[in-house]
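Residue numbers start from 1 in every chain, and the chains themselves are labelled A, B, ... in the order their sequence lines are given, proteins ahead of strands. These numbers come from the heavy atoms of this one structure, side chains and all, not from hydrogens, waters or symmetry mates.
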2 protein chains.
Amino acid sequence: MNDIDQIIETLRGKQFRITPQRELIIRALADVDEDDHLTAEEIHKRVQVHTSAVNIATVYRTLDMLVEEGLVSRIDLGGDKEVFATVHHGMHMHLVCRQCGHVLDADAQILRDVGQYLFSEYEFVADLEHISLFGICANCQQ
Amino acid sequence: MNDIDQIIETLRGKQFRITPQRELIIRALADVDEDDHLTAEEIHKRVQVHTSAVNIATVYRTLDMLVEEGLVSRIDLGGDKEVFATVHHGMHMHLVCRQCGHVLDADAQILRDVGQYLFSEYEFVADLEHISLFGICANCQQ
DNA sequence: TTCACTGCAAAACGTTTGCATGTAT
DNA sequence: ATACATGCAAACGTTTTGCAGTGAA
């Protein structure tokens, strides 16, 4: 069973209705390349390719629902850039370039220690699945 | 020479005009307690205490200018919360609680290793002066 | 005197909402 | 048949912009 069917199955189990719109939105989210993430606007565009009309409000409402149900992560890339991805995306960091805006995905294993430190020192349970760090990428250093 | 005068001096050197509005905005930013950060709206309110009228547009324009000139940091607290602080604020982490929204400041020394790792592995120069991590604070864990 | 800076009001932006209609169950 | 979900348009809050007027240099 793939990502898409798995999400739909879970939703059915929770008595959510599977509308064509919801299916398209879920498909758009799951059908991206390995470490790609989409904004609400991008999801809207991708869905529009298939049927001419899925309202942007529906995209927002569906995304909110999927996040609420724990099936999709809302990932903050700083400023007002907010992207979405299915939860199957493993733990990783987003290295966001302040200059060119490019987002590079990085291994986040080194953050294990940080997570433990924050818990022992501050009793803070950090969500390290999708963290974003800002800086300057290789290309933009002259 | 204090923080405020230092910033004003730098601006003068770069031929920026020092208006009463700009001085008040800089003062509001520099006059906060050790690890406090202000939103544009908060800065606007603080400035209004002194003179009844500094336009919010001026606050935004001045903040953009100060950030551009490297005198103030624009710090992202996730979602649409964006705060500002003079660059003299030392390196630290913001632990943002997803539940109650409370922001706890934490020592960021452990991130040194992370910074070096990101550079050696990805040639990415991470800005670790003000990073934000999301999670659940001690109070909100039942 | 000059032109960078400000205030104002309007516009833009992404997101959310109320309500009537449509449709998955 | 029954709500749940959708589309539409209007409302929303924050940030940006155009433009005429002001004031720091």
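- Glu42(B) meets the salt bridge (charged side-chain N to carboxylate O under 4.0 Å, His left out) test with no other residue; sequence neighbours excluded.
- Taking atom NZ of Lys81(A) as the reference point, atom P of dC13(C) lies 16 Å away to the nearest angstrom.
- In this structure, Thr58(B) contributes its side chain and Val54(B) its backbone to no donor-acceptor pair below 3.5 Å.
- What separates CE of Met65(A) from P of dT16(C) is a distance of 15 Å, to the nearest Å.
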Protein-nucleic acid N or O pairs under 3.5 Å, nucleotides 7-11 of chain C:
residue	atom	partner	partner atom	Å
dG7(C)	OP1	Gln21(B)	NE2	3.2
dG7(C)	OP1	Ala53(B)	O	3.3
dG7(C)	OP2	Asn55(B)	N	3.1
dG7(C)	OP2	Thr58(B)	OG1	2.5
dG7(C)	N7	Arg61(B)	NH2	2.9
dG7(C)	O6	Arg61(B)	NH2	3.4

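- With rounding to whole Å, Asp64(A) atom CG is found 18 Å from dC4(D) atom P.
- Cluster annotation: Val125(B) is not connected to Leu111(A) through the hydrophobic network of ILVMFWY side chains, with a link wherever side-chain heavy atoms come within less than 4.5 Å.
- Atoms CD1 (Ile8(A)) and P (dA24(C)) sit 14 Å apart, rounded to a whole Å.
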Next item on the list: Assess whether side chain to side chain donor-acceptor pair (under 3.5 Å) is satisfied between Thr86(A) and Asp3(A), documenting all intermediate values.
Entry: CA-CA 8 Å; Thr86(A) 62; Asp3(A) 230 24; 3.2 Å; yes

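- Here salt bridge (charged side-chain N to carboxylate O under 4.0 Å, His left out) pairs that include residues 53-62 of chain B, with residues two or more places apart or in two chains, number zero.
- In the hydrophobic cluster analysis, where Ile, Leu, Val, Met, Phe, Trp and Tyr join through side-chain heavy atoms closer than 4.5 angstrom, Met65(A) is grouped apart from Val83(A).
- Heavy-atom minimum distance, Ile136(B) versus Gln141(B): O-NE2, 3.2 Å.
- For Arg22(B) and dG23(D), the CZ to P distance is 15 Å, given to the nearest whole Å.
- DNA chain D is contacted by Arg12(B), Arg17(B), Ile18(B), Pro20(B) of residues 12-20 of chain B, taking any non-hydrogen atom closer than 4.0 Å.
- Within the structure, salt bridge (charged side-chain N to carboxylate O under 4.0 Å, His left out) contacts touching residues 63-74 of chain B (residues at least two apart or in different chains) are Lys14(B)-Glu69(B), Asp64(B)-Arg74(B), Arg74(B)-Glu82(B).
- The interatomic distance linking His44(B) (NE2) with dG13(D) (P) rounds to 17 Å, in whole Å.
- The list of salt bridge (charged side-chain N to carboxylate O under 4.0 Å, His left out) pairs with a residue in residues 114-124 of chain B, not counting sequence neighbours, is empty.
- Rounding to whole angstrom units, CG of residue Leu11(A) and P of dA24(C) are separated by 16 Å.
- Atoms CG (Asp76(A)) and P (dG14(C)) sit 16 Å apart, rounded to a whole Å.
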